[in-house]
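Only this structure's heavy atoms are used, side chains among them; waters, hydrogens and symmetry mates stay out.
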Amino acid sequence: MTCTEEYKEHIEYTFNAFCRVVIYYAAINAWRDRDKRRQREISFEYLTEEKFYPFSTSDKYFIDPCEQYPVTICGQGVILTNGELAAALSSLPEKKREIIYLYFFRRYTQQEIGEIYGRCRSTAWHHIHSALQMLHEEMEVLLNEES
């Protein structure tokens, strides 16, 4: 079946009309999305006038970079620069310290840690997760004691 020149022209015009409609409604959606975003935005000036939030903070991370806290885990000496982290690690049970050491310091995979303890990978993940939760709780206790 051959297409006549008029039919080709009709298809071209139909396609152009379709494209114009799609672009028109895409533009409407873009404007609508932008207006919704503008309604939710709050200026920084409003926030500072309302609650007096400072624009900057000072970190305590680099107060004394030379201070080191040695911790022994799995018979290996680990030197930490955060005293609270060293104290929290020291207060954890031995097995939890070993798991954290193997996973974060020695970069063992969950599968390898599971093989060391004779467990599957998911159990190793559970032990890593619970060790991190205990470490987090110990850090919170230590930070609350400082305050």
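Defined by atom type and a distance below 3.5 Å, a donor-acceptor pair is present between the side-chain atoms of Tyr69 and Glu67.
Cluster annotation: Ile116 and Phe104 are assigned to the same hydrophobic cluster (Ile/Leu/Val/Met/Phe/Trp/Tyr, side-chain heavy-atom contacts under 4.5 Å, transitive). Leu80 and Met139 fall within a single hydrophobic cluster, where Ile, Leu, Val, Met, Phe, Trp and Tyr side chains are chained together by heavy-atom contacts under 4.5 Å. When the side chains of ILVMFWY residues are joined at heavy-atom separations under 4.5 Å, either directly or via intervening members, Leu85 and Phe105 end up in a single hydrophobic cluster. When hydrophobic clusters are built by joining Ile, Leu, Val, Met, Phe, Trp and Tyr residues whose side-chain heavy atoms come closer than 4.5 Å, directly or via intermediates, Val78 is grouped together with Ile128.
Scanning all heavy atoms of the two residues, the minimum distance from Tyr108 to Tyr103 falls at O-CD1, 3.4 Å. In terms of heavy atoms, Tyr101 sits closest to Cys74 at CD2-SG, 3.8 Å. Summarising the geometry of Ala124 relative to Gly114, their closest heavy-atom pair is CB-N, 3.7 Å, with the distance given to 0.1 Å.
In this structure, the separation between CG on Leu142 and CD on Glu137 is 12.0 Å, given to the nearest 0.5 Å. Expressed to the nearest 0.5 Å, how far OG1 of Thr4 lies from CD of Glu9 amounts to 9.5 Å. Within the model, atoms CD1 of Ile11 and CG of Asn16 stand 12.0 Å from one another, a figure rounded to the nearest 0.5 Å. Note: His127 NE2 to Leu102 CG = 12.5 Å, rounded to the nearest 0.5 Å.
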Would you list the atom pairs, donor with acceptor, under 3.5 Å between side chains in residues 22-37 and any protein atom, with sequence neighbours excluded?
| unit_1 | atom_1 | unit_2 | atom_2 | d |
| --- | --- | --- | --- | --- |
| Asn29 | OD1 | Arg32 | NH1 | 3.3 |
| Asn29 | ND2 | Tyr25 | O | 3.4 |

What donor-acceptor contacts under 3.5 angstrom involve side-chain atoms of residues 87-98, with partners at least two apart or in another chain?
| unit_1 | atom_1 | unit_2 | atom_2 | d |
| --- | --- | --- | --- | --- |
| Ser90 | OG | Ala86 | O | 2.9 |
| Ser91 | OG | Ala88 | O | 2.8 |
| Ser91 | OG | Glu138 | OE1 | 3.1 |
| Glu94 | OE1 | Arg97 | NH2 | 2.6 |
| Lys96 | NZ | Ser130 | OG | 2.6 |
| Glu98 | OE1 | Tyr117 | OH | 2.8 |

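Taking the side chain as every heavy atom from C-beta outward, Glu112 and Thr109 approach each other to under 4.5 Å.
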Point to revise | Verdict with reasoning, Gln110 to Arg121, per side-chain hydrogen bond (donor to acceptor under 3.5 Å, both in side chains) | key: CA-CA 5 Å; Gln110 295 173 3; Arg121 185 202 57 79; 3.0 Å; yes
Does Leu132 form a side chain to side chain contact (heavy atoms under 4.5 Å, CB included) with His129? I'd like the steps, not just the answer. CA-CA 5 Å; Leu132 286 175; His129 186 70; 5.6 Å; no
